[in-house]
Amino acid sequence: YVRLFLKGKNKEVLDSLKAKMEQLSQELRFEEAAVVRDQYQALRRTSESQSVSGDLMIDMDVVAIASVPGTACVHVLFIRRGRIIGTRSYFPKVEKDDTEKATLEAFLSQFYLNENHVSMTPAEIIIDRELEDKDSLLEGIKLFAKREVKLLVNVKAERARYLRLA
């Protein structure tokens, strides 16, 4: 259930839990049904509290960077099937003379060209600035993920609102 939920498939998880709860009730296993009911209600509350996009029902990560000399923060907003499922801030090691472009490019390489993240690579990665070697990075991500991935900059409308959140 957790993997499906993190992939944004909340409806499938809720439907499955509801069916399991009803089956347990029919079998007169009320204590187990109550546990499943509580899980169902908690998941439904969590799903309702997530932000929902208007038209974009795709998987995307929105990545932005801010820095001062010697310190950087890369913030990632994770959106799956149109729902914001989480955010996370990363603080990569930087030297005083590192540029934000170089730091962001290094972060993206380490983050998306990593065995632990390959299954969660979204269809779109939105970044807040151009990169020096965007095309090579994108090709590497596509090869690693074994599917089509877009790396977008200078976005408009709904994607730009997500970028402001990140």
Heavy-atom pair with the smallest gap, counting every atom of [X] and [Y]:
X	Y	value
Leu138	Lys150	CD1-C, 4.2 Å
Ser25	Ala33	OG-CB, 3.6 Å
Thr99	Ala102	OG1-N, 3.0 Å
His75	Thr87	NE2-CB, 3.3 Å
Lys101	Leu131	O-CD2, 3.9 Å

Find the distance between [atom1] ([X]) and [atom2] ([Y]) and round it off to the nearest 0.5 Å.
X	Y	atom1	atom2	result
Lys93	Thr103	NZ	OG1	14.0 Å
Ile65	Ile127	CD1	CD1	10.5 Å
Ile125	Ile141	CD1	CD1	4.0 Å
Lys96	Ser67	NZ	OG	13.0 Å
Phe30	Arg37	CZ	CZ	12.0 Å
Gln23	Lys18	CD	NZ	15.0 Å

Can you check whether [Y]'s main-chain N or O pairs, donor with acceptor, with [X]'s side chain at less than 3.5 Å?
X	Y	answer
Glu130	Val153	no
Glu105	Glu132	yes
Ser16	Glu12	no

Practice problem: Give a yes or no on this: more than 12 heavy atoms of other residues, nucleotides or ligands lie within 6.0 Å of atom CD of Glu27. | Solution: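 More than 12 within 6.0 Å, yes.
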
Are [Y] and [X] connected into the same hydrophobic cluster when the rule is that any two of I, L, V, M, F, W, Y join if their side-chain heavy atoms are below 4.5 Å apart?
X	Y	value
Val94	Val74	no
Leu152	Val62	yes
Leu104	Phe144	yes

Practice problem: Check whether any side-chain heavy atom of Val63 lies under 4.5 Å from a side-chain heavy atom of Tyr112, and answer yes or no. | Solution: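 Heavy-atom side-chain distance check passes, below 4.5 Å.
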
Exercise. Could you label the plane-to-plane angle of the Phe107 and Tyr90 rings as parallel, tilted or perpendicular, counting under 30° as parallel and over 60° as perpendicular?
Key: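 Judged by the thresholds at 30° and 60°, the geometry between Phe107 and Tyr90 is tilted.
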
Practice problem: Determine the sole option in Lys20, Met21, Glu22 for which the side-chain contact (heavy atoms from CB on, under 4.5 Å) test with Leu24 is passed. | Solution: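 So, applying the side-chain contact (heavy atoms from CB on, under 4.5 Å) to Leu24 and each of Lys20, Met21, Glu22, only Lys20 qualifies.
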
Quiz item: Between Asp61 and Arg80, does at least one N-O distance fall below 4.0 Å, as a salt bridge requires?
Solution: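 Judged by the 4.0 Å cut-off on N to carboxylate O distance, Asp61 and Arg80 do form a salt bridge.
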
